[in-house]
Amino acid sequence: MKGLELSQRYYEAYGKKMLEEKFPELRHRVATGLVGRGSECLGFDDGISADHDYGPSFCLWLTKEDYEKYGQALQKEYDSLPAEFEGRPARKTSVHGGGRVGALCIPDFYYALTGFSRAPESLREWMRIPEEALCTATSGKVFEDPLGEFTRIRKGFLSYYPEDVRIKKIVARAAQMAQSGQYNYARAMKRGEHVAAMLALAEFTKSTISMVYLLNKTYRPFYKWMHRGMRELPLLSEIGDILNLLALMGEQSAAWKDAGPEDYLYTLNTGDQCVIIIEAVCNIILQELTAQGLTEGEDNFLENHTMQMMGKIRNPDIRAMQILEGTEN
């Protein structure tokens, strides 16, 4: 049984009765569900996930006024619920895993995840929130929300980035992909700097995955799950399989022993299989950027498309930003 289903069954078995009998005044004011950090909120949990911050549990979200009045008492009753459920052991909470379930204050909950107690109200505010934070804040499932306050804020985050912000982030990812994968990986290999080359591949991989999520208008998860999540995306999910090949590719230094002076910048060193994969990925991305009307032309070097894409941004403040400004790695 997946963690979200376990959480909802646990709430139906014990949470509802607790609210009805102990807090009837809150029955039509408290939102319940499971949202936030944890693989179960993404639906990616498996047998390995059960070793920490996992088990029968759910969230009870209260307005600030209700939390100040009832929060402690509600948490006390929540803590008294049966720890084991349907043969599943009690939730194991890690050192840094506290405060994820039980009685929670709605504005404090969202602030802890995103730095905002409500949905962003300006383009600059949207730029400040990391993709994975937005994914975390909009993950999981709301079981009930009779008052609607938790869902109202959630819908604001779920509305996704305004288009100017999305384009700005796409521009940054294109620049990062080009610099790390199409440029610096080869330069590092030419110099024999294999650790630098490995870091360049890691940066290229992360930037590529972020790009795919942006092109799908979907928030990217925490790094541990970003590749796994690509399987669920309607566009470019095949890039996940190609990146898996890149990760499994063997050491490529032999391809650089007899490389000429131009085999790392002006001419592709196709003896290096990683170079071939990088260029293939960039070509697929370029085709989708073109399909979405963000750029045109057949130049496979993604950095050469950044200024054209910046020109698609309507807001002058966002359009005037430096290519990498305002985006997180």
Side-chain angles (χ1 to χ4, degrees), residues 3-42 52-83 85 90-121 125-126 128-130 132-159 219 222:
L4 271 177
E5 182 184 355
L6 176 64
S7 174
Q8 188 160 9
R9 289 170 68 94
Y10 185 60
Y11 167 69
E12 295 288 341
Y14 295 113
K16 279 189 174 183
K17 184 177 179 180
M18 177 191 71
L19 289 172
E20 290 169 355
E21 294 183 354
K22 303 291 185 177
F23 301 94
E25 66 274 36
L26 290 178
R27 186 67 187 89
H28 299 290
R29 295 186 61 79
V30 62
T32 57
L34 187 66
V35 173
R37 299 183 177 92
S39 58
E40 69 273 26
C41 293
L42 295 169
H52 70 287
D53 303 317
Y54 191 89
S57 55
F58 55 87
C59 300
L60 297 148
W61 295 289
L62 305 169
T63 65
K64 187 174 184 63
E65 294 74 20
D66 286 344
Y67 184 80
E68 291 174 351
K69 187 174 181 179
Y70 299 103
Q72 287 188 339
L74 185 58
Q75 183 64 46
K76 184 177 179 180
E77 290 295 333
Y78 175 86
D79 290 338
S80 70
L81 295 177
F85 179 67
R91 181 181 178 90
K92 299 176 183 178
T93 303
S94 66
V95 175
H96 303 292
R100 296 186 182 183
V101 294
L104 301 165
C105 176
I106 293 174
D108 292 349
F109 174 82
Y110 281 113
Y111 184 84
L113 295 178
T114 68
F116 289 88
S117 59
R118 38 77 184 167
E121 297 174 350
E125 288 185 348
W126 277 107
R128 286 169 49 189
I129 307 178
E132 65 185 51
L134 288 164
C135 178
T136 302
T138 56
S139 66
K141 183 178 181 181
V142 179
F143 306 152
E144 295 182 322
D145 187 7
L147 189 64
E149 179 61 13
F150 184 85
T151 300
R152 181 186 67 80
I153 300 174
R154 181 177 170 88
K155 284 182 177 179
F157 285 116
L158 280 168
S159 65
Y219 297 130
F222 177 58

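From a predicted model like this one, the values you see are computed outputs, not experimental measurements. Just the heavy atoms: all of them, side chains too, but no hydrogens, waters or symmetry mates, feed the values below. By convention here, the first residue in the shown sequence is residue 1.
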Can you give me the closest heavy-atom contact between [X] and [Y], atom names plus distance?
X	Y	value
Ala83	Pro56	O-CG, 3.8 Å
Ala137	Thr114	CB-CG2, 3.7 Å
Ser57	Ser7	O-OG, 2.7 Å

Beyond-backbone contact of [X] with [Y], side-chain heavy atoms, under 4.5 angstrom:
X	Y	answer
Lys141	Leu34	no
Val142	Arg154	yes
Pro82	Tyr14	yes
Leu19	Leu60	yes
Leu147	Thr63	yes
Trp61	Thr151	no
Tyr78	Leu74	no
Lys17	Glu12	no

Euclidean distance, [Y] [atom2] relative to [X] [atom1], rounded to 0.5 Å:
X	Y	atom1	atom2	value
Tyr219	Leu134	OH	CG	4.5 Å
Thr136	Glu132	OG1	CD	6.5 Å
Ser139	Arg37	OG	CZ	10.0 Å
Lys64	Ser117	NZ	OG	9.0 Å
Leu4	Ser39	CG	OG	9.5 Å
Ile106	Cys59	CD1	SG	11.5 Å

Worked check of side-chain contact (heavy atoms from CB on, under 4.5 Å) between Phe85 and Arg9
CA-CA 9 Å; Phe85 179 67; Arg9 289 170 68 94; 3.8 Å; yes
Hey, are Arg128 and Glu125 close enough for a salt bridge, meaning a charged N less than 4.0 Å from a carboxylate O?
no
Lys/Arg-Asp/Glu bridge criterion (N-O < 4.0 Å) met for Lys16, Glu21:
no
Compute the ring centroids of Phe58 and Phe143, then answer whether they are less than 6.0 Å apart.
no
Aromatic ring proximity Phe116/Phe157, centre distance under 6.0 Å:
no
Would you indicate whether Glu25, at its atom CD, is surrounded by more than 12 heavy atoms from other residues, nucleotides or ligands within a distance under 6.0 Å?
yes
Before giving the answer on salt bridge (charged side-chain N to carboxylate O under 4.0 Å, His left out), spell out for Glu144 and Arg27 the whole-Å C-alpha distance, their side-chain angles and the decisive distance to 0.1 Å.
CA-CA 10 Å; Glu144 295 182 322; Arg27 186 67 187 89; 3.4 Å; yes
Once you measure the plane-to-plane angle for Phe150 and Phe109, does it fall in the parallel (<30°), tilted (30-60°) or perpendicular (>60°) bin?
tilted
Worked check of side-chain contact (heavy atoms from CB on, under 4.5 Å) between Phe23 and Glu77:
CA-CA 10 Å; Phe23 301 94; Glu77 290 295 333; 3.6 Å; yes
